[in-house]
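All heavy atoms count here, side chains included; hydrogens, waters and symmetry mates do not. Both ligands and their constituent atoms are indexed starting at 1 by order of listing.
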Amino acid sequence: MTKDMKNTFDPAKIIQLQALCAEARTIAVLSHTNPDGDAIGSGLALSAFLKRLGYDVRFFVPNHFPKFLNFIPGSGSVEIYSEACESAKPYIADADLIICSDFNEIGRLEKMTAAVEANVIAPRVLIDHHMSPPEYELSFSDTGYSSTSHMVYDLICAWRGTEAITHEIAVALYVGIVTDTGNLSYGNVTPGLYRAVAELVEKGAQPVEISKAVFNTQSESRLRMVGYLLSEKMKVDCDIHTAYITLTRAEKTRFNHQIGDTEGIVNMPLSIECINFSAMFIETLDCIKISFRSQGDFDVNLFAREYFNGGGHKNAAGGRYYGPMSEAVARFEEIIKTVHPEY
Ligand SMILES: [Mn+2]
């Protein structure tokens, strides 16, 4: 197990998990809406591991994941609830054990929430690195991890040792780690994380190939959208170390926007020397979705919580505004006059 982590995966808790699994005939592994690399990577690795131990496991996410994740071995087995709820609903509702991976509240399952709530018998297990974990029968919750995939790595190693990391599991976990850390460039990139990554590479995860698949497979229209947003839509205020970008529905249509296309754009203003706080406002059918990123001490989890009905991590959080884009931006502009990074 990764040495510099606290006892998130201590032997007593692993025994508890083993007992819960041993009592279960069917296990449902779940991850969050708009699944990202960490959601898919951690969920796929967990289900592959449990399947190899002989359990009946199915892995469900509420809606589609971005196409660039299709190269992960086993990604075809991920069940998309919005597509196949007829078969998913009874399995989730009758599962003997529910494992929630990479999210901290059941509401993040959106339409899938009802199926989970219909199951009042199954114990719930949490494995997640977000703040404010729910009270489940068994929780592996630790915000010190930069990805849930790194947590799943430690969990598998604590349970079965590194021998249990197959090629398929290694690729899935590696993808989850690099997507949540911007290819190992932000978040808690600890010595332990590099040790885990070294092991995953040893087991067959190919860093160059995976970087290409994850970071260099965007469409021309996505790259042009990024160019347009940075050139025309980014507001920068060096005095308060803050920048933000807005994206309307009309602009999404203009650039043939696909799921996952806005991923990562909010981080880009942070590469400007004077900027330590970045926000991105994205218009959707029912609200303005807002992403916040920071580097250094400025706590965007608190910011999102306090002003935009959201939350997340200290350096990465999200929120929502119910109203037109102009109002969301005006509100933001007003708040950052007084609340912004000091340097
Ligand atoms: Mn994650």
Side-chain angles (χ1 to χ4, degrees), residues 2 5 8-9 29-49 59-66 68-69 72 75 78 99-110 112 125-134 136 139-156 169-190 192-194 196-197 200 205 210 214-215 259-260 262-267 280 289 291-295 300-301 304 310-319:
T2 310
M5 290 300 173
T8 309
F9 298 100
V29 175
L30 313 175
S31 199
H32 59 78
T33 301
N34 301 330
D36 54 15
D38 193 30
I40 296 299
S42 63
L44 268 178
L46 256 182
S47 16
F49 171 68
F59 172 34
F60 304 93
V61 291
N63 60 349
H64 276 281
F65 53 87
F68 75 83
L69 296 171
I72 305 176
S75 62
V78 182
I99 303 183
C100 300
S101 186
D102 198 38
F103 64 99
N104 59 352
E105 49 177 304
I106 215 80
R108 290 223 53 206
L109 297 177
E110 296 192 350
M112 206 158 83
V125 175
L126 178 82
I127 170 154
D128 181 45
H129 65 134
H130 297 90
M131 291 184 208
S132 321
Y136 285 168
S139 286
F140 301 97
S141 166
D142 190 341
T143 57
Y145 280 88
S146 50
S147 63
T148 300
S149 295
H150 184 197
M151 297 183 75
V152 170
Y153 173 84
D154 277 356
L155 180 144
I156 293 175
I169 291 173
V171 173
L173 293 180
Y174 189 95
V175 171
I177 288 170
V178 295
T179 48
D180 260 26
T181 60
N183 217 1
L184 303 172
S185 72
Y186 54 72
N188 274 349
V189 282
T190 58
L193 176 65
Y194 281 96
V197 164
L200 296 176
I210 293 175
V214 171
F215 299 106
I259 290 177
T262 51
E263 206 70 37
I265 298 175
V266 63
N267 293 301
M280 179 156 179
K289 274 184 53 188
S291 300
F292 301 104
R293 295 293 183 275
S294 66
Q295 48 196 355
V300 292
N301 170 51
H313 307 280
K314 183 181 160 203
N315 295 125

For this session: State, yes or no, whether a side-chain contact exists between Val178 and Phe215 at a heavy-atom distance under 4.5 Å.
Result: yes
For this session: Measure the shortest side-chain to side-chain distance between Thr143 and His129 over non-hydrogen atoms and say whether it is less than 4.5 angstrom.
Result: no
Exercise. Is it true that the side chains of Asp102 and Thr148 contain a donor and an acceptor less than 3.5 Å apart?
Worked result: yes
Problem set entry | Identified side-chain contact (heavy atoms from CB on, under 4.5 Å) counterpart of Phe140 within the set Asp128, Ile99, Val125 | Val125
Exercise. Would you say the side chains of Asp36 and Thr179 form a donor-acceptor pair under 3.5 Å?
Worked result: no
Seminar exercise, completed: A correct count of protein N/O/S atoms found below 2.8 Å of the Mn ion (ligand 1) gives 4
Problem set entry | pair Val78-Ser47: side-chain heavy atoms closer than 4.5 Å | no
